[in-house]
> 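This is the structure, below, for whatever I ask next.
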Amino acid sequence: MNLSPLQKARYQYSPKLPGMLRGGISEISVKVGAPTESVADQAKIKALFPNTYGKEEITFVKGSNTSAAKKQVVGVILSGGQAPGGHNVICGLYDAIKATDKNNVLLGFKGGPSGLIDDDFIEFTDEYINAYRNTGGFDIIGSGRTKLETEEQFKVVTEVAKKHGLTAIVIIGGDDSNTNAAVLAEYMAAHNTGVQVIGCPKTIDGDLKNEDIEASFGFDTATKTYSELIGNIERDANSAKKYWHFIKVMGRSASHVALECALETQPNICLIGEEVAAKKMSLAAIANYIADSVEKRGNNGENFGVAIIPEGIVEFVPEFSKLIAEINELLAGSKTEEFNALPDWDAKYAFIKKGLSAESFAVFEILPQFVQQQLFLERDPHGNVQVSLIESEKLFSEMVKNELAKRKAAGTYKGKFGAQHHFFGYEGRCAFPSNFDADYCYSLGYNAFMLIQYGYTGYLSKVSNISKPAEEWVAGGMPITKMMNMERRNGEDKPVIRKALVELDGAPFKFFAAHREEWAVKTSFTYPGAIQYFGPAEVCDLTTRTLALEKGQ
Ligand code: FBP
């Protein structure tokens with residue numbers, strides 16, 4: 001690996017642990033809290049998790065170690081999309097394992113959950129780990145999206161665990177992966193395998209959070225990366241004064257990423273999917289809302305602006321999600337082949353017109369042709385439209401352009417409209433973790449081993465009070481079943497961790513809503529600049545505006 005000067009310098013960074021973990025296992029004891037209940041559907045979740053349900057929240061405190069001495073062989077996997085700081089979770093885990101007993105072993109299973117099934121692994125050494133400290137990416141062992149959820153898979157994992165003498169498995173993943181961690185923990189307990197399972201909360205999307213987990217790791221770095229870029233674009237827009245920039249930001253479903261970027265950069269427009277759904281906004285209503293800002297600014301001589309569009313927006317537009325559901329039906333099973341065999345777009349268009357309800361066809365008809373065609377691109381493994389392939393930033397800019405043309409003809413709009421389009425997603429997922437993510441991730445990994453050493457299973461590594469300096473962070477664990485409820489997934493009722501959407505009565509959204517009217521008309525851009533790794537703590541260790549507002553700061 002060729003090392004950049006920053007990578008070399010970041011190797012020297014010592015991530016900060018919560019105060020109470022700094023003396024290592026010998027100075028830690030456990031404060032056991034009250035038994036827990038799942039957030040909803042208690043009877044059903046209890047019945048599905050008879051061995052792991054209802055366990056107590058635990059907090060680590062300074063004291064003398066009472067854990068039983070035993071050789072630990074731990075396996076770790078990275079699951080799902082990359083998020084900055086994943087390497088540090090593994091480094092923290094490794095350091096805690098080795099500091100407790102140098103004969104302990106950490107195995108990294110490669111390529112995500114499938115590594116555990118295929119028994120594809122490496123044994124970590126100091127040299128190997130040191131090359132990945134404080135770096136972005138998941139390339140230390142790779143990641144993948146295979147789901148560990150079937151009885152068959154659990155049997156194979158049990159065999160692999162037995163072969164290596166695994167005492168514990170750590171799953172670093174999002175809500176789905178940690179749901180599966182809970183199911184695996186229950187299976188391991190029910191079959192007396194002696195294998196503990198611990199989860200760590202990851203995802204740049206920021207939607208794995210609740211009253212116990214204050215933030216998923218990676219959200220801080222990813223949003224800071226996007227906000228830097230958005231701020232730079234705002235400054236360019238304000239300098240050249242000739243373009244409206246439509247910027248789509250990642251976040252498969254929830255709009256936390258878009259909202260955080262808006263709080264950081266104060267753009268003219270930021271759409272929030274959850275609000276669009278609550279107000280049942282149509283595509284035309286959204287386009288009109290953006291056009292209003294363009295018109296007012298244009299009439300003030302400001303023919304430029306920035307609009308942030310969350311990746312998941314179209315699924316929140318009721319008429320659009322109905323259209324997608326109908327298209328999924330239209331192409332179900334062998335009908336896809338029939339559709340693909342049609343000779344040209346005209347023939348396909350006629351097929352679509354015949355197959356859709358009048359209501360959905362009316363929506364389809366107003367879409368620009370490139371979006372209409374994107375709806376019929378490759379399906380996902382379940383045969384559904386891949387909504388993330390829809391260029392919603394171009395869709396809205398096109399609809400705004402058409403609306404402005406009408407307004408110009410009516411004489412109300414006097415400005416000029418030129419648009420540029422951007423998508424910020426992968427750019428942020430593997431950035432060098434911010435100091436916050438480097439510290440938080442290292443702490444989550446270190447703490448995960450404390451939970452293992454104390455014999456816990458089915459827990460999520462929990463580090464809280466994270467809007468305060470690391471010294472004041474609180475380490476412990478929360479049973480994953482506490483975060484679960486029953487939801488309908490692929491036609492079945494399943495126990496799942498409840499996904500956190502943007503709360504419209506939450507402080508971050510309320511702050512945004514209180515300021516957006518002014519931002520829509522008056523240039524109020526803020527330029528956050530690049531992530532700073534060295535310098536004053538008030539710049540380098542700053543957490544997100546979302547977290548600060550949630551904590552009333
Ligand atoms: P996770 O939920 O696994 O953390 O991934 C989130 C995400 O980064 C989304 O923001 C994005 O829509 C998706 O992954 C992209 O996935 P892929 O890497 O498969 O293109």
Side-chain angles (χ1 to χ4, degrees), residues 77-87 89 111-115 136-139 141-149 171-181 199-210 213 215-227 229 247-261 272-274 308-316 324 374 377-382 384-393 422-431 433 437 440-441 444 460 483 489 496-502 544 546:
I77 57 165
L78 291 160
S79 181
Q82 283 67 249
H87 287 169
V89 180
S114 62
F138 276 8
D139 44 320
I141 45 174
S143 187
R145 291 202 182 273
T146 308
K147 293 196 186 309
L148 278 187
E149 54 189 354
I171 296 182
I172 303 170
D175 52 338
D176 279 349
S177 306
N178 279 300
T179 290
N180 295 338
C200 288
K202 169 232 75 164
T203 179
I204 64 153
D205 291 3
D207 55 11
L208 172 47
K209 67 172 172 183
N210 45 51
I213 302 301
S216 57
F217 79 76
F219 178 73
D220 184 85
T221 310
T223 53
K224 282 188 166 81
T225 306
Y226 305 143
S227 298
L229 300 174
I247 306 173
K248 182 168 81 170
V249 291
M250 243 186 197
R252 187 196 308 270
S253 176
S255 301
H256 298 291
V257 173
L259 178 56
E260 171 62 20
C261 292
I272 301 295
E274 290 81 345
I308 300 178
I309 318 280
E311 182 183 23
I313 189 75
V314 285
E315 275 184 297
F316 285 99
I324 289 172
Q374 279 165 0
L377 288 175
E378 219 179 299
R379 347 257 67 225
D380 75 6
H382 305 289
N384 297 328
V385 170
Q386 294 199 59
V387 181
S388 63
L389 296 181
I390 296 167
E391 292 176 298
S392 45
E393 70 284 21
H422 316 262
F423 171 41
F424 297 148
Y426 301 98
E427 293 83 345
R429 296 202 313 183
C430 287
D437 268 329
Y440 183 42
C441 291
L444 286 170
L460 207 54
M483 301 161 200
R489 297 274 172 98
V496 294
I497 295 178
R498 188 184 270 177
K499 204 184 257 308
L501 298 178
V502 170
T544 57
T546 301

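None of the values given here were measured: they were computed from a predicted structure. For ligands, and for the atoms within them, numbers begin at 1 and follow the listed sequence. Residue numbers run from 1 in the order of the sequence given.
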> How would you list, by chain and number, every residue that makes a salt bridge (Lys or Arg N to Asp or Glu O under 4.0 Å) with D207, sequence neighbours excluded?
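In terms of salt bridge (Lys or Arg N to Asp or Glu O under 4.0 Å), with neighbours along the sequence ignored, D207 is linked to K499.
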> Using the rule side chain to side chain contact (heavy atoms under 4.5 Å, CB included), only one of L208, V89, D175 pairs with P201; which is it?
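That would be L208.
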> Sort out for me which residue in V502, T544, I272, D205 forms a side chain to side chain contact (heavy atoms under 4.5 Å, CB included) with H256.
V502
> I'd like a table of the close N/O pairs between ligand 1 and the protein (anything under 3.5 Å), one pair per line with both atom names and the distance.
{"residue": "ligand 1", "atom": "3 (O)", "partner": "G81", "partner atom": "N", "Å": "2.8"}
{"residue": "ligand 1", "atom": "3 (O)", "partner": "R145", "partner atom": "NH1", "Å": "3.0"}
{"residue": "ligand 1", "atom": "3 (O)", "partner": "K202", "partner atom": "NZ", "Å": "3.2"}
{"residue": "ligand 1", "atom": "4 (O)", "partner": "K202", "partner atom": "NZ", "Å": "3.0"}
{"residue": "ligand 1", "atom": "4 (O)", "partner": "T203", "partner atom": "OG1", "Å": "2.9"}
{"residue": "ligand 1", "atom": "5 (O)", "partner": "R145", "partner atom": "NH2", "Å": "3.2"}
{"residue": "ligand 1", "atom": "8 (O)", "partner": "R429", "partner atom": "NH1", "Å": "2.9"}
{"residue": "ligand 1", "atom": "10 (O)", "partner": "D205", "partner atom": "OD1", "Å": "2.6"}
{"residue": "ligand 1", "atom": "10 (O)", "partner": "D205", "partner atom": "OD2", "Å": "3.4"}
{"residue": "ligand 1", "atom": "10 (O)", "partner": "G251", "partner atom": "N", "Å": "3.3"}
{"residue": "ligand 1", "atom": "12 (O)", "partner": "E311", "partner atom": "OE1", "Å": "2.9"}
{"residue": "ligand 1", "atom": "12 (O)", "partner": "E311", "partner atom": "OE2", "Å": "3.2"}
{"residue": "ligand 1", "atom": "14 (O)", "partner": "R145", "partner atom": "NH2", "Å": "2.9"}
{"residue": "ligand 1", "atom": "14 (O)", "partner": "R429", "partner atom": "NH1", "Å": "3.2"}
{"residue": "ligand 1", "atom": "16 (O)", "partner": "R145", "partner atom": "NH2", "Å": "3.0"}
{"residue": "ligand 1", "atom": "18 (O)", "partner": "R429", "partner atom": "NH1", "Å": "3.1"}
{"residue": "ligand 1", "atom": "18 (O)", "partner": "R429", "partner atom": "NH2", "Å": "2.9"}
{"residue": "ligand 1", "atom": "19 (O)", "partner": "R145", "partner atom": "NE", "Å": "3.1"}
{"residue": "ligand 1", "atom": "20 (O)", "partner": "Y426", "partner atom": "OH", "Å": "2.6"}

> Sub-3.5 Å donor-acceptor pair from the side chain of K202 to the main-chain atoms of P84, do we have one?
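Side chain of K202 to backbone of P84, a donor-acceptor pair under 3.5 Å: no, none is there.
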> T546: what forms a side chain to side chain donor-acceptor pair (under 3.5 Å) with it, not counting sequence neighbours?
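Per chain and number, T546 pairs via side chain to side chain donor-acceptor pair (under 3.5 Å) with E260.
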> Y440: which residues meet the ring-ring contact (aromatic ring centres under 6.0 Å, His included) condition with it, sequence neighbours left out?
F436
